Amino acid sequence: MIDLYYWTTPNGHKITIFLEETGLDYHLRPVHIGKGEQFAADFLKIAPNNRIPAIVDQAPVDGGEPLALFESGAILEYLADKSGRFLPREPRPRFQVLQWLYWQMGGLGPMAGQNHHFVRYAPEPIPYAIERYVKETARLYGVLDRQLQGRDYVAGDYSIADMAIYPWAKLWEGQRQRLEDFPNMAAWLDRIAERPAVQRAYAMAEQINADPDALLTAEARRLLFGQGS
Ligand SMILES: N[C@@H](CCC(=O)N[C@@H](CS)C(=O)NCC(=O)O)C(=O)O
């Protein structure tokens, strides 16, 4: 059994998509980040960076004690190895997937995250910051779009790289992007959205948090952007 510490955000969706795709046994443990639950002492023991997602694998492959992990990229890699799915073992195809996973973790995630912050959450508009992150998001989608030219998935077969990128790329509209600029990405978004496991992951998120503006309250902003409990 995997305990998944989760909220209904892009980094959370990555892991529910993976778990739904593989059918690994898991238990959802919602951490409402708009209410400051990520600062609870028990959660910090598992996720010292006070961010979701995190997991505790109650039955790790080495047969040892329960294993706690944070950082969505590490979690995806761990679960892919555990299940033998969505990450090849042979070095060449494996590192094709991993380079795109790390592209998401170190590039698209942080940049689109700042895009969301300055476009949607910042208390006042800062044109320089908005332009910087909207342009950088566009540059990154250009890179992704070129990679997807003539390919159905980002790196060979459907993999943890697609699962990591999709929840961020799906939000292109709020990131002030034009989908017609990225036709290969548009077709890929449709391809992934059709997958039953992806649909189940998002349906579950709706059940846990139906309010897309839950992170826009004054209290949520104070907690998230003041970074305190
Ligand atoms: N690099 C981390 C980023 C995790 C992250 O930023 N999580 C956000 C939600 S998407 C969060 O928990 N925020 C809570 C906070 O900022 O206090 C990962 O991929 O796991």
Side-chain angles (χ1 to χ4, degrees), residues 1-22 24-83 101 104-106 108-118 120-123 160 163-164 166-168 170-171 174 200-229:
M1 169 72 81
I2 312 274
D3 286 316
L4 171 60
Y5 293 79
Y6 161 89
W7 194 240
T8 56
T9 63
N11 291 315
H13 299 317
K14 294 174 185 176
I15 314 300
T16 46
I17 290 174
F18 182 95
L19 290 165
E20 286 297 323
E21 291 282 6
T22 51
L24 282 179
D25 207 12
Y26 71 101
H27 183 77
L28 262 192
R29 299 192 176 274
V31 178
H32 194 322
I33 62 172
K35 291 189 176 159
E37 292 175 6
Q38 70 274 38
F39 302 108
D42 281 354
F43 180 63
L44 292 175
K45 280 187 208 148
I46 296 162
N49 197 35
N50 67 262
R51 303 214 156 181
I52 63 92
I55 61 165
V56 176
D57 184 354
Q58 301 292 350
V61 269
D62 64 7
E65 292 184 356
L67 177 80
L69 278 177
F70 66 101
E71 280 296 323
S72 58
I75 295 169
L76 285 173
E77 208 174 320
Y78 173 82
L79 293 176
D81 278 350
K82 177 174 175 130
S83 62
L101 177 67
Q104 190 289 315
M105 293 298 300
L108 180 63
M111 292 300 136
Q114 294 306 310
N115 178 318
H116 293 180
H117 181 81
F118 287 107
R120 188 150 192 252
Y121 296 109
I160 55 173
M163 295 179 208
Y166 174 78
W168 288 93
K170 169 184 201 295
L171 302 175
R200 285 197 300 276
Y202 280 89
M204 204 159 48
E206 273 276 307
Q207 279 184 357
I208 290 172
N209 172 26
D211 178 6
D213 290 339
L215 298 183
L216 282 172
T217 64
E219 176 66 353
R221 286 167 196 264
R222 186 185 68 74
L223 288 162
L224 289 166
F225 310 132
Q227 284 300 290
S229 48

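For clarity, every value in this text was computed on a predicted model and none was experimentally measured.
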If you take all heavy atoms of Leu101 and Gly73, which pair is closest and at what distance? CD2-O, 3.8 Å

Report yes if some heavy atom in the side chain of Pro30 is under 4.5 Å from a heavy atom in the side chain of Trp7; otherwise report no. yes

Given the rule in the side chain to side chain contact (heavy atoms under 4.5 Å, CB included) test, do Leu79 and Leu19 qualify, once you have shown the distances and angles that lead to the verdict? CA-CA 8 Å; Leu79 293 176; Leu19 290 165; 4.1 Å; yes

Counting only heavy atoms from other residues, nucleotides and ligands, does the tally under 6.0 Å from NZ of Lys35 exceed 12? no

What one should report as the nearest heavy-atom pair of Phe43 and Glu37 is CB-O, 4.1 Å

Could you go through Tyr26 and Glu20, starting from their C-alpha distance and side-chain angles, then the distance that decides it, and tell me whether this counts as side-chain hydrogen bond (donor to acceptor under 3.5 Å, both in side chains)? CA-CA 9 Å; Tyr26 71 101; Glu20 286 297 323; 2.5 Å; yes

Heavy atoms only: give me the nearest Pro66-Val56 pair and the separation to one decimal. CB-CG1, 3.8 Å

Is any side-chain heavy atom of Tyr202 closer than 4.5 Å to a side-chain heavy atom of Thr8? no

Tell me whether the centres of the aromatic rings in Tyr166 and His13 are closer together than 6.0 Å. no

Report, as yes or no, whether the 6.0 Å neighbourhood of atom CD on Glu65 holds more than 12 heavy atoms from other residues, nucleotides or ligands. no

Is the backbone of Ile33 close enough, under 3.5 Å, to the side chain of Gln38 for a donor and an acceptor to pair up by distance? yes

For a quick test of reading the model, state the closest non-hydrogen atom pair linking Pro167 to Pro10 and the distance between them. CB-O, 3.5 Å

Ring pair (Phe, Tyr, Trp, His ring centres under 6.0 Å), that's the test. Do His116 and Tyr121 meet it? Break it down for me. CA-CA 7 Å; His116 293 180; Tyr121 296 109; 7.4 Å; no

Looking at every non-hydrogen atom in both residues, tell me the closest pair between Ala68 and Ile46 and how far apart they are. CB-CG2, 4.0 Å

Which atoms form the tightest heavy-atom contact between Ser83 and Leu24, and what is the distance? CB-CD1, 4.3 Å

